[in-house]
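Below, chain A is the first sequence line, B the second, and so on; all start at residue 1.
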There are 2 protein chains.
Amino acid sequence: MNLKLDKIDRKILDILQSNAKITNAQLSKEIGLSPAPTLERVKKLENSGIIKSYHAKLDTDKIGMGVSTFVYVTLKGHNKQNIEIFLEAINKINEVIECHHVTGSGDFVLKIIAKDIASYQQLMLEKVSDISVVDNLQSMVILSTFKDSKVMPIPE
Amino acid sequence: MNLKLDKIDRKILDILQSNAKITNAQLSKEIGLSPAPTLERVKKLENSGIIKSYHAKLDTDKIGMGVSTFVYVTLKGHNKQNIEIFLEAINKINEVIECHHVTGSGDFVLKIIAKDIASYQQLMLEKVSDISVVDNLQSMVILSTFKDSKVMPIPE
DNA sequence: ATTAACTGCAAAATATAATTCGGCACAAAT
DNA sequence: ATTTGTGCCGAATTATATTTTGCAGTTAAT
């Protein structure tokens with residue numbers, strides 16, 4: 001599978017990142033090709049795994065999930081077994097929508113969403129703090145989000 | 001506009017969050033309705049703003065953006081004007097894909113992607129550190145991402 | 001209770017879009 | 001020069017979305 005991306009491919013990726021629901025006909029116009037080769041390129045990008053998936057983005061306030069937070073987690077020991085225990089527990093919690101292993105004094109960064117502060121507190125107390133290998137938690141509540149672009153720049 | 005979501009709406013949102021490219025026919029099967037009312041519901045969800053947009057998710061490694069980081073930013077003053085100066089500068093940097101105003105001793109959390117560590121360093125030195133109102137920066141490199149679900153739970 | 005208005009649904013008809021196919025042009029290799 | 005491969009286009013075909021019509025259940029007003 002050839003992964004080299006030309007200018008047109010990058011344009012396609014740009015457009016599909018910001019609007020996945022565009023029709024192939026419209027996409028082909030915007031990149032300056034006819035529908036057939038446009039579709040061919042999109043399929044190639046999908047099959048090669050460059051495009052991993054397509055997702056609907058929801059309004060968190062409107063679905064009643066008004067509270068979003070980042071949580072910095074430190075584990076009791078940084079060994080492999082503890083990490084596995086932690087990840088397994090985290091995977092079961094739907095409100096944890098992101099989990100990243102990071103460098104720095106802490107170990108993990110989580111992104112968590114909740115209905116409100118009360119249910120956030122409950123979630124943290126009952127589910128997250130409760131994970132045996134968790135040593136320390138530091139929460140930051142997101143007051144507002146100014147950028148959440150979903151469009152990554154693509155290097156040449 | 002009525003924003004009340006019933007069980008079927010929530011199921012639709014669940015499915016579209018994890019797979020936005022499903023056909024209406026298939027979606028209608030999975031929720032147990034015929035295509036017509038299914039489409040009607042999806043359109044309602046779109047028009048009411050509950051579904052904000054649709055996005056392709058790319059493989060960061062395959063597009064050559066292997067480095068992702070969280071950056072914790074403290075401004076020199078927490079006043080409105082400084083925040084505006086900061087946000088304006090941040091908005092121009094494509095590699096900054098997220099920017100959240102958060103509680104805590106610092107002010108903002110950024111998510112930044114870059115080709116590699118070298119270009120990340122260059123980006124930080126030349127563009128981010130350079131913003132006049134930035135006081136302190138603390139970077140955490142993402143070693144690996146275990147969860148990035150794109151599917152938020154929806155309360156009843 | 002009876003009617004009217006509304007809502008959500010299904011089935012079929014229609015419109016739109018995706019996909020496939022055949023062939024042409026250019027480029028690289030022999 | 002000839003072959004081979006790649007990428008493109010236009011047209012035909014197939015699949016899908018969308019609209020329309022009408023029916024049934026629910027609610028509200030008379």
Side-chain angles (χ1 to χ4, degrees), chain A residues 1-59 61-64 150-156, chain B residues 1-59 61-64 150-156:
Chain A
M1 183 67 63
N2 185 11
L3 294 184
K4 263 177 253 165
L5 302 175
D6 64 13
K7 211 172 175 179
I8 297 177
D9 289 322
R10 286 194 293 273
K11 207 167 176 183
I12 290 175
L13 292 174
D14 245 28
I15 293 169
L16 291 183
Q17 279 187 95
S18 69
N19 174 20
K21 271 296 181 70
I22 190 173
T23 64
N24 186 60
Q26 183 59 31
L27 179 61
S28 71
K29 269 186 206 165
E30 296 192 15
I31 65 172
L33 288 181
S34 73
T38 301
L39 189 67
E40 212 174 277
R41 279 168 179 266
V42 172
K43 292 295 170 200
K44 238 180 228 169
L45 292 167
E46 290 171 357
N47 293 335
S48 66
I50 291 172
I51 297 175
K52 287 165 86 170
S53 45
Y54 297 92
H55 305 274
K57 179 179 171 184
L58 308 189
D59 185 311
D61 287 337
K62 287 185 178 163
I63 61 170
K150 309 291 176 205
V151 182
M152 301 185 287
I154 298 162
E156 311 212 353
Chain B
M1 185 66 65
N2 184 11
L3 294 185
K4 263 177 255 164
L5 301 175
D6 65 13
K7 211 172 173 178
I8 297 178
D9 289 321
R10 285 194 293 273
K11 205 166 176 185
I12 290 175
L13 292 174
D14 245 27
I15 293 169
L16 292 183
Q17 279 187 97
S18 69
N19 174 21
K21 272 294 180 72
I22 190 173
T23 65
N24 186 59
Q26 183 59 31
L27 179 61
S28 71
K29 270 186 206 166
E30 296 193 14
I31 65 171
L33 288 182
S34 72
T38 301
L39 189 66
E40 214 174 90
R41 279 168 180 264
V42 172
K43 293 294 172 201
K44 239 180 226 171
L45 292 167
E46 289 171 356
N47 293 334
S48 66
I50 291 172
I51 296 176
K52 289 166 85 169
S53 45
Y54 296 92
H55 306 274
K57 179 179 171 185
L58 308 189
D59 185 311
D61 288 336
K62 287 186 178 161
I63 62 170
K150 309 293 177 205
V151 181
M152 300 186 289
I154 300 162
E156 310 211 353

Inter-residue atom distance [X].[atom1] - [Y].[atom2], 0.5 Å rounding:
X: Lys29(B); Y: Thr38(B); atom1: NZ; atom2: OG1; answer: 11.5 Å
X: Asp14(A); Y: Glu30(A); atom1: CG; atom2: CD; answer: 11.0 Å
X: Ile12(A); Y: Ile51(A); atom1: CD1; atom2: CD1; answer: 8.0 Å

Side-chain N or O of Lys43(A) closer than 4.0 Å to phosphate OP1/OP2 of dA18(C)
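No, because none of the side-chain N or O atoms of Lys43(A) sits under 4.0 Å from OP1 or OP2 of dA18(C).
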
Between dG7(D) and Arg41(A), is there an OP1 or OP2 to side-chain N/O distance shorter than 4.0 Å?
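Answer is no, no contact under 4.0 Å.
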
Going by heavy atoms closer than 4.0 Å, what residues in residues 22-30 of chain B are next to DNA chain D?
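Going residue by residue through residues 22-30 of chain B, the ones with a heavy atom under 4.0 Å of DNA chain D turn out to be Thr23(B), Asn24(B), Ala25(B).
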
Please report the shortest heavy-atom distance between [X] and [Y], naming the atom on each side.
X: Lys150(A); Y: Lys150(B); value: NZ-NZ, 4.1 Å
X: Lys4(A); Y: Asp9(A); value: O-OD2, 3.9 Å
X: Gly64(A); Y: Pro155(B); value: O-CG, 3.4 Å

Nearest-angstrom distance from the residue atom [atom1] of [X] to [atom2] of [N]:
X: Lys44(B); N: dC6(C); atom1: NZ; atom2: C1'; result: 11 Å
X: Leu5(A); N: dG7(D); atom1: CG; atom2: P; result: 13 Å
X: Ile8(A); N: dT6(D); atom1: CD1; atom2: P; result: 17 Å
X: Lys4(A); N: dT6(D); atom1: NZ; atom2: C1'; result: 13 Å
X: Lys21(A); N: dT18(D); atom1: NZ; atom2: C1'; result: 13 Å
X: Lys7(A); N: dG7(D); atom1: NZ; atom2: P; result: 18 Å
X: Asp6(A); N: dC8(D); atom1: CG; atom2: C1'; result: 13 Å

One pair to check against salt bridge (charged side-chain N to carboxylate O under 4.0 Å, His left out): Lys43(A) and Glu40(A). What are the steps and the verdict?
CA-CA 5 Å; Lys43(A) 292 295 170 200; Glu40(A) 212 174 277; over 6 Å; no

Within the sub-3.5 Å range, which N or O atoms of nucleotides 9-14 of chain D have a protein N or O partner, and how far apart are they?
{"unit_1": "dC9(D)", "atom_1": "OP2", "unit_2": "Ser34(A)", "atom_2": "N", "d": "2.7"}
{"unit_1": "dC9(D)", "atom_1": "OP2", "unit_2": "Ser34(A)", "atom_2": "OG", "d": "3.0"}

Side chain proximity check, Leu5(A) to Leu45(A), heavy atoms < 4.5 angstrom
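Side chain of Leu5(A) against side chain of Leu45(A), heavy atoms only: contact under 4.5 Å found.
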
Would you say Lys62(B) and Lys52(A) make side-chain contact, with heavy atoms under 4.5 Å?
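SC-SC contact between Lys62(B) and Lys52(A) ruled out.
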
